[in-house]
Structures are given as C-alpha cells and as structure tokens.
S.K.: 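Below is one structure. I have some questions about it.
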Amino acid sequence: MSEDNKYPVNLLDTPFPMRGDLAKREPGFLQRWQDQKLYERVRAHSAGRPKFILHDGPPYANGDIHIGHAVNKVLKDLIVKTKTLAGFDAPYVPGWDCHGLPIEHQIEKIVKSDKAAVAANPAIHAKIVAFRKENGLDEKATHLPADFVRTLCREYAEMQIERQKKDFIRLGITGDWGNPYKTMAFETEANIIRTLGEVHRHGYLVKGQKPVHWCVDCGSSLAEAEVEYEDKNSPAIDVAFQVLDMAALAKAFGLPAERLAGVPAYAVIWTTTPWTLPANRAVCVHPELTYDLIETPKGLLILVRELAESAIKRFGFESVEVVAQAHGSKLEHLQLAHPFYDRVSPIILGNHVTTEAGTGLVHTAPAHGLDDWLVGRHYGLDEDNPVGNDGRYKAGVALFEGKTVWEANPLVIEKLAEQDLLLANVRLNHSYPHCWRHKTPIIFRATAQWFISMEKPGHAGQALRAVAQKAVDDTEFFPDWGRPRLEAMINNRPDWCVSRQRNWGTPMTFFVHKVTGELHPRSLELLEQVAQRVEKSGINAWFSLDAAELLGDEAKDYDKLNDTLDVWFDSGSTHFAVLKQRSELAWPADLYLEGSDQHRGWFQSSLLTGCATQGRAPYKQLLTHGFTVDGKGEKMSKSKGNVVAPQKVIDQYGADMLRLWVASTDYSGEMSISDEILKRVADSYRRVRNTLRFLLANLSDFDAARDLVAPDQLLTIDRYALVLAQQVQDEVTADYARYSFHTAMQRIHHYCADDLGGFYLDILKDRLYTTAANSPARRSAQTALYHITRSLALLLAPVLSFTADEVWRTLNGAADPNGEDNTLLHTWYAIPQAGDAAKLAEDWAKVRELVANAKKEMEVLREAGSIGSSLQAELTITADTTLYPLLAALGDDLKFVLIVSKLSLAQGAENKVAVAASSAAKCERCWHYRADVGSHAEHSTLCGRCVSNLFGSGEVRAHA
C-alpha cells in the first residue's frame, strides 16, 4: 500500500522484477530443477496418461553445439512440454550418434601430434604417449592397434557428449540427461547388430559391388570426408566409338538408310581418365538434350548441339555439315563398338550428363564412377572391376595386366591412336580428389559391399521400396511439403550401401565362406551370440573374437567380416535399439523432428530400417524445420563473420530469449537470426514480462484460498475477461497441438499488448488502485487476474520456461515457499466460466467496438489540445435499439470501461459518440474530473467516491 500521502492508493510491489536479468539468473533455476529432480517428478506425475513419444534424432558427438542444434533441441522441448501440459506422458530421452569417421579423424590427428588437436585433447594425447612408452613404440608411431584406437574414439566421444550436454541443459531442455542413449553404448551397439539381423531375416540384405573412393597407398576405401580436392594435370582425350548399326542410326535421326550408306559414324566421348576405358560398358547421353549428326573428314560424328562447335575446333576440322538432329532419347540402345576390346558399348540415357565440357556424351564405366554405377544398375551393365586394391590391373586384363592405372594412361592413348579413334589429346589442369593422408590422387573403383536392396522381394513378398512408399503415405507431415520431398527420394533412391571399411563403427557380425562368399547358414543364430557378447563388452568383442570360439572346425572355411555399418544405419536403428528397449518409451514414435536435410538422412534411414524389420515407419509424424541463416538470409560461415553462436546469445540475453526467437519464427522456411532480430525479440519479451509483472503486483495481497470470488459473482467485465482468456487459451493450445508455435506466440503477444494492456488492464487500474483493498469490486478484479495469470503462465511455460517458473513461484509463494511446484506438474488451466459465457463474448465484441470508436473521437480533441488524458473527457453516447440495452445494463460502470469521468447514454437511430472537455475539478487521488471534488470539507481535494472508498462504506459496482 502506497503511503506517499494521507490518501493512499493500492499500489503494490512484487518480487518479480521488471528486468529479467535472465543470463545471470537462469543457472539458479536450472540448479533448483536438478536438485528437485524435476524430470523424474514429471514422469511420476504423468504416469498412467496416454503416451506421446518424440524420438530424438541424435546429434553427432563432435564439436560444440551451433545455432542449428539449439533450434532443433528447443523445438523438441516445446513439443514435449506442450504435450505434457496437454495431459500426455511425454518422456524425452536425448541421444548421441557416436561412431564414424569424424571422430576417427580427430583421434588420428591427435596420434599425429596435430598441435590444435593435442591442445584440445590433452588427456587423450597423454594416453597415446603412455601407450607408446608401455609398448616400446617409437614416440611418433602412428600405426596403433585398432582396439586401442577404438578405445580412444569412445573416450573422445564421451567428452564431446558432456560438452554438448552442458549446453543443451543450459537451453532449458528438460529430459533424461542422466540416462541418455548413445549409439556407442554396449547395449545399443548390440541392438543395432540385432537390427541388421532382422534386415537379413526379412531378405533385404544383399552383397554387391559399388564404386568407392580408393587410395592405392592406403589400400583402403575413403569416405567423402577423407577426400581433399587438389589441382592435377591430366590427359583430356576425345574418343570415337564406332556405330555398329547404321540403319538404327538413320532411324534415330529420321534419315533414309541410304543417306548414310558407306560412311562410318562415331559417338564421341571426352574423358580425363583414359585408364578407365578398359572398364567401359556404355556411352551415356541426356534424354532431353539435342544431338547433332555432323559430317566431317573423319566420318559422321554424334555431338551434343551446345558443344559441337568447340569440339569440331578441337578436332581440327574446318569443313563440316550438320546432317540431322535428334533428342538423346532417340539414341537409346544404339550399338557402339568398344574402341579396343571386342565387345559392344550401347548408348544409354542418364540425367547426369551435362553440357559444361566435353561432347555431351559420357563414357560409362560402372566400376569407376558413382553416376556410372547408378545408371549401370538401371541398365543391368557389367560392374566388374578390372583394378585391384594396389591400383594395378588384375591378371587377365588384356593389354594392361599388372600395370598401374597411372602407367595405363599413356598406353590407352597409344592404343586409341593406333586404332585411329583418338580425335584429340591435350593436357588439362583440373580439380581432382586426393587422399587426405597421403596427398596422392585417388581412384574410383568398385569393391564388394553389402546393400539393403530396394527391389528384392522381402517382407510378405514385397520390395522394400513398395513398403517404404506406403509408409510415407501413412505418415503425417509438418509442413506438408515434406511429403513430396521424401516420396521423391524413396522413389528414386538406389540400394542402400550399408557396409564401410572403418575401425570405429558397429561391426557387421557375419561369417563369409572363403570360396563362395556366402553367409554362414546359421548367420542369425551366430549374430545373436555375438550381440550378447557385445552387450557385455562392446564392439571389441567382435573384432577380438577368434572365429573358432563360435564355429569350431568350420572356422577354417569362413572369414570373419571386418566391415562396419554405415553410421546412418546406427542412428536409423535407434527406434529398435532405444524405443523398443526402454520401458518408459514406446514404438512407433509419435514424432520425429529434424532439419530439412534429414529427408535424405535420418528420416530416410529410420524409415528403411523400420520398413525392413517391422513393415512400417517407426514414426507417425514427421516435422521438418529449415536451416538457420543470418539477418540477410545468407548462410552462416566463419569466413563471413556472420555466425551467431547460441552460447553467446545465452550469455547476452538468456536462454528464454533464444527460446522465444525459435518459437516466434516460422520454422517451415529458413530461420533468420541476427543482433537486430534478437533485439526485436527482446522488445516482445519485455512486453510480455511487463504484463506479467502488472498481474503479479496486483495479486500481492490476494490469497486465493480466502479472497477468490465465484464466477457468477464477478463484475461483468471480469466475467468477460475470463471468457476472453479461455478463447486465447483455446487458440494457443490448438496452435501448439499442430506445432504452429509462431502463430501461438503472435496470439499471446497480441493478448498481452492489446487485449490486456490496451484494454482490460487499462480499465482495471482505477478499480485496483482506488477501491477499498478488500472491497468486492477489487477482489472481483483480482480473481480475474489470478485465473488469467495461472493460464498465461502455463501457456508460456513451454517457451519461456525460466520466466514461467519465476511467475509460478511468485504467484504461489505463500503456498509453496520452497518452490517445489512447477508448471510441468500441471495441465492447461481450467479457467472458471460463468453460465453466460457465449453471450458475454458476443456482447463485449460490440462494447469493444464502441470503445475503439470513442478513443478515435477523443484522440481528435487530444491532438487539438482540448483534453489531456481520457479522464478529462465527457462522452455523450447515442446507441441504437440493439446496443442500448447492453450499455444500459453496465450502468455507471460504462464510464470506467471507456476510462472517462462522465458519460451520458441515450437511445437513438444510430450509434455515435460525442466528446467534450470536462469543466469539473480533478480528484487528487483517482484523477477523475468530478463535480463533487471538494464536497467533503475535511478532504477538499477528493471526490465523493474516493472519500467513500477510503473512509466510508465504499462504492458499489454492478454485477449485471
């Protein structure tokens, strides 16, 4: 109670400060939540409710989190918390993807004493130094035992997880942080192996060939991340493939056969890797490009129109004539002769053909190129690889047996010249893949790999592609554009190559016959035995296993497979390895939520493993969010200096501000963030916080157990305020239910700024401040504010988790002195409603329209200088037969709604408002201009209602 003068008003204070000071105060909230085991209490409180499972797509355990990680985790937290408040049991188990090349790469850098890597990982480096010493190795030895490297990888991943976990917790993400899932956990590794077994059981696992990056110095395949691109000087040659069927050629170009009689014809390719020509199996053209048939001194040449002129110039021909043109689609299956082997190389179609360089016809060797391999599988071309692990041609390869691929280049060129099929031969500097270790050029070569087949009949006789297509149909997408994207990828994707030649990964625990290459007939039984061992001691249980332990005498006939699984198989199997194994979770998940790149990644790998093992997707819904860009819409990069780090945002603004930015941004597209954008978010936050502070301050002397007023005893406007609060709550929770957080935030902001700040709370100030503290009119207002505050705190809790908790503690301070209650231990607030709710909403829509019109009229006088505040105005309102009864029922309260000192109401043909300046004196206490100011001799500066409220029975306000 203000004691500034002898006529006090009810100006209350609150421990809820105007400044949030979030960055400094939020860690204290986190500590209290952890001390009170909030997540465990929410789980216990939610027991028995319907389940809602959001399965966490695991981030990779390497490096600090970036703003994309923050967006992803906050969106997940918003959903888990809204579902909890909506009455679901919504556990959240965070996870990490732990195997794979990036971690192996980091360990290799430490082993090689890379200064930055060593400085960042001194403990691991110390273990390497100690290991070398204990085992008598040179202090610079880089070839360490694979099992020791795997141990280092595990320790490195664990340290990275702890770093990332700390940042995720700081974001206010509520989850089972004490027991997350990790793909490197022994039981998870065992269950990933079991998932592989289920894929095999259902008939989808097949062995085949696939071109991979291959370093002849390493004698190993390389992943994309191990490849560096450097300039290389290579031969660039144009090679003529002679057409074998001239009649078919004439038909393709729409010419009579006799037009081409006696003239040789050639399809011309251009390549910078002559050594791949021994593996040529076809020539590829683009189906939609136009190809010219050109008469030259060499004969008829087929060239794409866009490159024909430059090619002819390169060949040194001066006099040529275009005989005909045809789309590439017309050339399909045209038979060509291989330039130096006795076999046919047909023309095939491929969309990878471009007009950037060359001839527009692409030499196709499925053993030596991914595009070639993909199109070759479509056409059933031979994938045999003539090149061995050492980069030399295998025995039996005519002309080049035993030669390295680099030695073969000049030999191939020489043979082409001898055959008179070499049209051009120049040297070219171009970007070429090199091994990141040896800095030497690498090659593409097909090697034996394991695939999950998209076309082989499996589950109930169905191909996996068909099962996956139906699974996509059965999935709900947010936003809708996710469906066609995933559909297109499933429709067009090749078989999934799941094998890798790495150390740090889940092993493919199969035994392969040394002669036939077939899997052991008891593969599934053996796989389970291995899985049980891995469950106890991790993946080293396989790598250190003596095959005879399981196979006995058969071990002499079988090799233990040393391949590891693609890390996408690891993460794509977590629906089985985690959801089906943890009692608090359930399969399938209700929702997977990741960035838009995961249609190609985790969404798809999970879909395929789910369909291959369970016959359906492991999720019911997919939510996709866009990438984070800077304020100009540009991709973030360190070189541009436009990276916004979540740690910096939290240190400056607090996590709630970052959470509010995420919730306020339409995640269906790119999400822009910058200092300017964050300042606007901060302004929005201040509006909400100021509203909350007003509500809490005016409830400081309100005890709900003692002072709460029944709904039907509230003043009319207070009953309407609760109707409006219910409408807002219904709209916001509906937005939450469909994951439309930015529209929910817009509604809440509008509610705080306009419905409350610009209307209801503005009207309420007079009653809250000037009526007697315990008067029915004031308690009516406080009752409405109490219900509004509880509703608003719960609506904000999923987004402004720290702020909402602060509101909750302030509101319930007396009843909950230790702050043990929490918004997450409740569901959406049950706002009490009077029986006339529907009519109130309809009536007050009309009243608010009148208020808006009156404000416009008063603004005219204010701009003219005739009045200051609206209390200086006197209104004359004429209302028609529809509006008049509604306004008349409010009685003297109507002037408080309009915030004027005097009002006259009359009935007329139309609705209109007239405004005049008051000539009455101003009350010192309530600031109303009233004729009875000074009517009481002892209180000459007060109006009659203030005298009554302070010293008498108090004014009476209508409940009608």
Side-chain angles (χ1 to χ4, degrees), residues 33 36-56 74-94 172-176 476 478 579 582-593 619-623 659 663 704 711 722-741 743-745 747-748 751 786-805 807-809 811-812 815-816 820-833 837:
W33 295 345
Q36 295 175 350
K37 298 186 180 303
L38 176 61
Y39 179 78
E40 290 79 4
R41 291 171 62 212
V42 173
R43 295 280 62 75
H45 188 76
S46 303
R49 294 177 179 177
K51 291 271 190 188
F52 180 90
I53 305 299
L54 187 157
H55 183 39
D56 188 31
V74 168
L75 283 172
K76 289 172 180 174
D77 195 53
L78 297 182
I79 290 174
V80 169
K81 285 174 177 172
T82 56
K83 292 299 181 181
T84 299
L85 286 158
F88 289 89
D89 178 11
Y92 177 63
V93 177
I173 313 298
T174 302
D176 194 357
E476 187 176 8
F478 301 89
L579 295 186
R582 294 182 64 145
S583 59
E584 74 271 31
L585 303 176
W587 195 101
D590 292 279
L591 178 68
Y592 276 27
L593 182 166
Y619 42 71
K620 300 173 186 175
Q621 299 176 326
L622 282 183
L623 188 149
R659 296 174 65 93
L722 296 187
V723 172
L724 181 59
Q726 186 66 56
Q727 288 177 343
V728 171
Q729 180 169 293
D730 290 345
E731 291 171 13
V732 171
T733 55
D735 284 337
Y736 282 158
R738 59 177 174 264
Y739 313 134
S740 184
F741 303 111
T743 56
M745 291 304 98
R747 186 65 187 97
I748 288 176
Y751 180 56
Y786 176 78
H787 295 310
I788 288 169
T789 306
R790 289 186 75 87
S791 171
L792 192 54
L794 293 174
L795 290 177
L796 288 169
V799 180
L800 301 176
S801 295
F802 297 96
T803 303
D805 187 46
V807 171
W808 205 250
R809 290 178 65 204
L811 187 62
N812 303 319
D816 182 33
E820 293 183 355
D821 196 7
N822 189 280
T823 54
L824 295 181
L825 301 174
H826 297 263
T827 54
W828 302 129
Y829 188 56
I831 303 172
Q833 301 286 299

S.K.: Taking the side chain as every heavy atom from C-beta outward, state whether R659 and L800 have any atom pair closer than 4.5 Å.
M.R.: no
S.K.: Could you pull out all residues at least two apart from A663 that satisfy side-chain contact (heavy atoms from CB on, under 4.5 Å)?
M.R.: L78, F741, M745, V799
S.K.: For E476, check salt bridge (Lys or Arg N to Asp or Glu O under 4.0 Å) against everything at least two apart and list the hits.
M.R.: none
S.K.: Salt bridge (Lys or Arg N to Asp or Glu O under 4.0 Å) with K81: which residues, sequence neighbours excluded?
M.R.: D77
S.K.: Please name all residues satisfying side-chain contact (heavy atoms from CB on, under 4.5 Å) with K37, sequence neighbours left out, ordered by chain then number.
M.R.: E40
S.K.: Go through the structure and list residues passing ring pair (Phe, Tyr, Trp, His ring centres under 6.0 Å) with Y751, not counting sequence neighbours.
M.R.: none
S.K.: Has the side chain of T82 got a donor or acceptor atom that lies under 3.5 Å from a matching backbone atom of I79?
M.R.: yes
S.K.: Please examine the side chains of V42 and T174, heavy atoms only from C-beta on, and report whether any two atoms are closer than 4.5 Å.
M.R.: no
S.K.: Apply side chain to side chain donor-acceptor pair (under 3.5 Å) to N822 and list each qualifying residue two or more places apart in sequence or on a separate chain.
M.R.: D805
S.K.: Listed by chain and number, what are the salt bridge (Lys or Arg N to Asp or Glu O under 4.0 Å) partners of R582, not counting sequence neighbours?
M.R.: D176, E584
S.K.: Apply ring pair (Phe, Tyr, Trp, His ring centres under 6.0 Å) to F52 and list each qualifying residue two or more places apart in sequence or on a separate chain.
M.R.: none
S.K.: Quick one: does any side-chain atom of R49 pair with a main-chain N or O of T84 as donor and acceptor, under 3.5 Å?
M.R.: yes
S.K.: Under 3.5 Å, sequence neighbours excluded: what are the donor-acceptor pairs made by side chains of residues 585-593?
M.R.:
unit_1: W587; atom_1: NE1; unit_2: H575; atom_2: ND1; d: 3.0
unit_1: D590; atom_1: OD1; unit_2: K620; atom_2: NZ; d: 3.4
unit_1: D590; atom_1: OD2; unit_2: I53; atom_2: N; d: 2.7

S.K.: Would you tabulate the side-chain donor-acceptor contacts of residues 85-92 under 3.5 Å, counting partners in other chains and residues two or more places apart, or write 'none'?
M.R.:
unit_1: D89; atom_1: OD1; unit_2: R43; atom_2: NE; d: 3.4
unit_1: D89; atom_1: OD1; unit_2: R43; atom_2: NH2; d: 3.0
unit_1: D89; atom_1: OD2; unit_2: K51; atom_2: NZ; d: 3.1
unit_1: Y92; atom_1: OH; unit_2: D56; atom_2: OD1; d: 3.2
unit_1: Y92; atom_1: OH; unit_2: D56; atom_2: OD2; d: 3.4

S.K.: Are the side chain of Q729 and the backbone N or O of Y829 linked by a donor-acceptor pair below 3.5 Å?
M.R.: yes
S.K.: Can you list everything that forms a ring pair (Phe, Tyr, Trp, His ring centres under 6.0 Å) with Y39? Sequence neighbours excluded, please.
M.R.: none
S.K.: Quick one: salt bridge (Lys or Arg N to Asp or Glu O under 4.0 Å) pairs with a partner in residues 722-733, sequence neighbours left out?
M.R.: E731-R747
